[in-house]
Amino acid sequence: MWDPGKYLAFADHRSRPFHELVARVAATSPRRVVDLGCGSGNLTVTLGRRWPDAVVEALDSSPEMVTAARERGVDARVGDVASWQPAPDTDVVVTNAVLQWVPGHEDLLREWVRALPSGAWLAMQVPGNFSGPSHELVRSLVDASWPALRGLLRPSPVLDSQGYAEVLDGCAVDAWETTYLQRLEGEDAVLEWITGTALRPIRAALDDGGWAAFRAQLAPLLREAYPRRADGTTWFPFRRVFAVARVP
Ligand SMILES: C[S@@+](CC[C@H](N)C(=O)[O-])C[C@H]1O[C@@H](n2cnc3c(N)ncnc32)[C@H](O)[C@@H]1O
């Protein structure tokens, strides 16, 4: 289950890539703007502000997130991006930090490009940190002590920027990668960060006692890899992969 509170605790770090992504979309007066995997809607509202005349469509597979988005005034609905199809007037599609959860999303991107009207914009961002120490430590802990959880760990579910440029071939593509050096606050900040995202399947598979034991084993490993600094903050480098395509 997605926890809107946990997710929003890191809103600044998470919203910057969204804004940098959308800044590369040059649509002037789109008819329909779609936010696929809109989460709690705090970024969707910025799409409505930028394009006030557009219909803003938003969907997310999590009922909790959709409720949070609707409370913000976003006309969101529960839905799976894997079965979403663009309405004929869709001029902008944004999907930020979502497709890493969607197996086979490369084929979806190809289908969307085929279905979108000429001139439409498709903008996506996914985390590209699946071989970073935080993921490697989770993997080695699971391998060593939690074999029943092995099936929950996936090989990297995303491509690099060139991979997405190739998937979107035929469009005018702008693809890039950025590593953000994030300064996190608080105790066990990296653990808290990944609890809201990458550890979600593990949290869901364990009861409260199992989860507490898992966290207790992971916390010192993360503390060693990402030491807390004298001022109480922790550096957490985080790579992200972006692609913006304009349909010919
Ligand atoms: C990391 S959050 C990103 C939310 C928002 N786009 C943002 O940038 O803040 C990922 C979101 O993707 C949603 N999600 C994951 N798989 C999905 C799917 N197959 N269809 C729709 N939403 C999905 C989750 O419920 C969650 O709200």
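We count ligands from 1, going down the list as the structure has it; atoms in each ligand are counted the same way.
In this structure a side-chain-to-backbone donor-acceptor pair under 3.5 Å is present from Arg246 to Gly119. Side-chain N or O atoms of Arg70 include one that pairs as donor or acceptor with a backbone N or O of Ala76 at under 3.5 Å.
The only member of Phe130, Tyr226, Trp193 that meets ring pair (Phe, Tyr, Trp, His ring centres under 6.0 Å) when paired with Phe238 is Trp193.
Near Asp80, meaning under 4.0 Å from one of its heavy atoms, ligand 1 places the atoms 18 (C), 19 (N), 20 (N). Under a 4.0 Å criterion applied to the non-hydrogen atoms of Gly39, ligand 1 contributes the atoms 4 (C), 27 (O). Under a 4.0 Å criterion applied to the non-hydrogen atoms of Ser62, ligand 1 contributes the atoms 25 (O). Near Ala97, meaning under 4.0 Å from any of its heavy atoms, are these atoms of ligand 1: 1 (C), 2 (S), 3 (C), 10 (C). Ligand-side atoms of ligand 1 in range of Gly79: 20 (N), 21 (C), range being under 4.0 angstrom from any heavy atom. The contact set between ligand 1 and Cys38, taken as ligand atoms under 4.0 Å from a residue heavy atom, comprises 5 (C).
Residues Tyr180 and Glu20 have side chains in contact (heavy-atom distance under 4.5 Å, counting atoms from C-beta outward). Proximity of Leu206 to Trp146: side-chain heavy atoms (C-beta onward) are separated by under 4.5 Å at one or more points. For the pair Trp84 and Val93, the minimum side-chain heavy-atom distance is below 4.5 Å. Side-chain contact between Phe18 and Asn42: absent, with no pair of heavy atoms (C-beta onward) separated by less than 4.5 Å.
Across Gly196, Gly37, Ser15, Pro17, heavy-atom proximity to atom 5 (C) of ligand 1 is greatest for Gly37. The closest non-hydrogen atom to atom 7 (C) of ligand 1, taken over Leu108, Val81, Leu43, comes from Leu43. Closest to atom 21 (C) of ligand 1 by heavy atom, among Ser61, Ser83, Ala58, is Ser61.
The shortest N or O to N or O distance between Asn96 and ligand 1 is below 3.5 Å. Considering both main-chain and side-chain atoms, Leu36 never comes within under 3.5 Å of ligand 1 through any nitrogen or oxygen pair. Remark: ligand 1 and Trp101 share no N or O pair separated by less than 3.5 Å (distance only, no angle test).
Here the CG atom belonging to Leu108 is positioned 10.0 Å from the CD atom belonging to Gln85, to the nearest 0.5 angstrom. A distance of 8.0 Å separates CZ of Arg228 from CG of Asp188, quoted to the nearest 0.5 Å.
Atom CD of Gln162 sits in a sparse spot, with 12 or fewer heavy atoms from other residues, nucleotides or ligands closer than 6.0 Å.
If you look at Val102 next to ligand 1, the close heavy atoms, those under 4.0 Å, all belong to the side chain.
In this structure, Ser40 falls outside the shell of residues with a heavy atom less than 4.0 angstrom from ligand 1. Ala82 does not count as a contact of ligand 1, since none of its heavy atoms falls under 4.0 Å from the ligand. At a 4.0 Å cut-off, at least one heavy atom of Asp60 sits close enough to ligand 1 to count as contact.
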